[in-house]
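The sequence lines fix the lettering, A, B, ..., with proteins before strands; numbering per chain opens at 1. Remember, predicted model here, so these are calculated numbers, not experimental data.
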There are 2 protein chains.
Amino acid sequence: MKYSVVVVDDHTLLSQAIEGMVNTFDKFKVLYTCKNGGEVQDKFKASPRNIPDIVLVDVNMPVMNGIETTEWIVANYPNVHVLALSVEDADGTILKMLKAGAIGYLLKDAQKDVLEKALLEIIENGFYHTRNVTNLLLDSVSGKGGRRRVNFKENELKFMRLACSQLTYKEIAEKMFLSPKTIDGYRDSLFTKLDVRNRVGLVVYAIKNKIFTP
Amino acid sequence: MKYSVVVVDDHTLLSQAIEGMVNTFDKFKVLYTCKNGGEVQDKFKASPRNIPDIVLVDVNMPVMNGIETTEWIVANYPNVHVLALSVEDADGTILKMLKAGAIGYLLKDAQKDVLEKALLEIIENGFYHTRNVTNLLLDSVSGKGGRRRVNFKENELKFMRLACSQLTYKEIAEKMFLSPKTIDGYRDSLFTKLDVRNRVGLVVYAIKNKIFTP
DNA sequence: CTACTAAAAGGTGTTTTTCCTGTTTTTTAA
DNA sequence: TTAAAAAACAGGAAAAACACCTTTTAGTAG
């Protein structure tokens with residue numbers, strides 16, 4: 001059984017070249033090719049029982065660009081591996097593609113053996129990266145845009161983390177050796193402090209602010 | 001009013017050197033120095049009304065290392081900016097520090113003006129990065145470790161995103177122009193499909209899998 | 001046309017959460 | 001030591017969430 005690959009690139013010549021390459025690989029075959037993200041959506045929806053394992057996405061496309069396409073694939077088919085393809089390497093596209101959920105970035109002038117190695121690595125390790133990617137990524141990791149000053153108490157933090165863990169408040173109370181009513185108090189004061197409506201808001205806040213890591 | 005800085009480094013000589021440097025800066029002053037993460041915890045807890053704006057943390061420390069220290073600061077005082085300090089640059093520490101929540105990474109042999117520039121940038125922009133950080137970060141961005149294959153339907157995805165947004169199910173139903181009972185159905189089937197107990201589990205799953213981005 | 005299937009909607013009851021209003025106990029500070 | 005503040009605890013009502021099971025609707029393959 002071969003792993004299936006879809007190529008998305010408006011440049012027909014290149015996408016056919018890649019198709020040819022991939023089809024010579026032992027473990028991979030090209031399912032089909034698309035000219036843009038919209039076509040990907042159509043194909044995916046048309047044959048939901050035939051979703052590829054890997055999608056190679058060009059960054060620069062008309063209609064629906066690589067970033068949008070990647071976002072859509074990742075959101076709708078979380079198990080499909082998206083590998084970004086591009087000629088350039090200098091601007092923020094790498095970052096954007098990776099943020100969008102691509103698991104790697106490959107230059108278009110890559111050699112045949114590099115492509116095969118990349119595909120294999122994706123299947124085996126779940127990711128691939130070329131070695132020349134710059135520190136643009138830092139921006140993404142360090143992206144903690146202006147935050148309010150909130151000083152949490154030790155117990156509030158402990159509670160917040162437990163609240164992210166599917167436990168009921170009663171169970172949280174047991175874990176913290178406190179009365180359920182005290183837990184109610186923590187919750188209520190956090191709701192006010194963080195200006196959220198319900199536990200969902202609390203969980204999202206905790207994750208966004210690295211208080212809880214999924 | 002000067003911004004306050006705390007230096008955490010077991011190497012007294014270096015931490016004093018940094019202290020001297022910082023104290024010559026117009027907008028910054030050193031509040032105190034610590035020899036390890038434990039000391040940071042003590043000081044923070046002892047004077048909760050006097051939390052620094054920036055903490056410079058050495059990576060290699062005994063007792064409680066830079067990564068643990070950073071994690072603790074970020075989790076407990078989310079508005080403190082942590083800048084990592086290290087002599088080395090080659091292994092995974094950069095990544096770990098940044099993942100832990102440090103907003104930048106500075107080499108210890110940095111010149112005085114570089115340090116000042118870094119501090120200013122942190123205050124103004126909320127982050128700083130040296131230009132020589134490698135693509136170790138890719139691993140973190142591409143970290144979507146082995147996932148189950150779950151094919152969501154269009155409506156399930158739409159629902160999941162709304163479920164992350166503090167809306168009640170009734171409100172979600174209205175937004176989707178569907179009966180609340182249908183929404184109940186979506187929820188129940190997703191609970192089963194994803195093996196979660198409640199809405200919290202759903203939200204965490206959605207965020208972890210980039211279906212919803214906070 | 002009929003049988004099958006999946007999505008949508010409905011019924012009913014239980015559990016949990018949320019939101020009030022308090023009181024008691026412990027800590028902190030004057 | 002005493003007053004004030006913070007933390008822990010409580011009762012109860014209303015809303016929301018959760019579970020399970022049935023019915024209707026709409027499409028579609030045979």
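For the residue pair Asn155(B)/Tyr186(B), the side-chain donor-acceptor check at 3.5 Å is satisfied.
The Thr168(A) side chain lies nearest to dT16(C) when the options are dA8(C), dT16(C), dT18(C). With dT17(C), dA9(C), dA8(D) as the candidates, the nucleotide lying closest to the side chain of Arg187(A) is dT17(C). In the set dA8(D), dC18(D), dT17(C), dT17(C) carries the atom at the smallest distance from any side-chain atom of Arg199(A). Set against dA8(D), dA17(D), dA16(D), the side chain of Tyr186(A) has dA8(D) as its closest nucleotide. The nucleotide whose nearest atom lies closest to any side-chain atom of Phe191(A) is, among dT18(C), dA10(D), dA7(D), dT18(C). With dA8(C), dA7(C), dA19(D) as the candidates, the nucleotide lying closest to the side chain of Asp188(B) is dA19(D).
Residues Lys2(B) and Phe28(B) are not in side-chain contact: their nearest non-hydrogen atoms beyond the backbone lie 4.5 Å or more apart. You'll find the side chain of Val196(A) stays beyond 4.5 Å of the side chain of Leu190(A), heavy atoms only.
Atom CZ in Arg197(A) sits roughly 17 Å away from atom P in dT17(C) (whole-Å rounding). Atom-to-atom, OH of Tyr169(B) to C1' of dC18(D) comes out at 8 Å; the value is rounded to the nearest Å. Rounded to a whole Å, the CG atom of Asp184(B) is 17 Å from the P atom of dT14(C). One atom, CG of Leu202(A), and another, P of dA17(D), lie 15 Å apart when rounded to the nearest Å. Atom CD in Glu174(A) sits about 13 Å away from atom P in dC9(D), given to the nearest Å. Following rounding to the nearest Å, Asn198(A) (CG) and dT16(C) (C1') show an atom-to-atom distance of 13 Å. The interatomic distance linking Lys158(B) (NZ) with dA8(C) (P) rounds to 10 Å, in whole Å. Atom-to-atom, CD1 of Ile183(B) to C1' of dC18(D) comes out at 15 Å; the value is rounded to the nearest Å.
Checked by distance alone, Lys181(A) brings a side-chain donor or acceptor within 3.5 Å of a matching partner on the base of dG12(D).
Cation-pi contact between Arg197(B) and Phe191(B): absent, since separation from the ring centre below 6.0 Å together with deviation from the ring axis within 45° is not met. A cation-pi arrangement is absent between Lys29(B) and Tyr3(B), since the terminal nitrogen or guanidinium carbon is not both under 6.0 Å from the aromatic centre and inside a 45° cone about the axis.
Taking only side-chain nitrogens and oxygens, Thr182(B) comes nearer than 4.0 Å to OP1 or OP2 of dA9(C).
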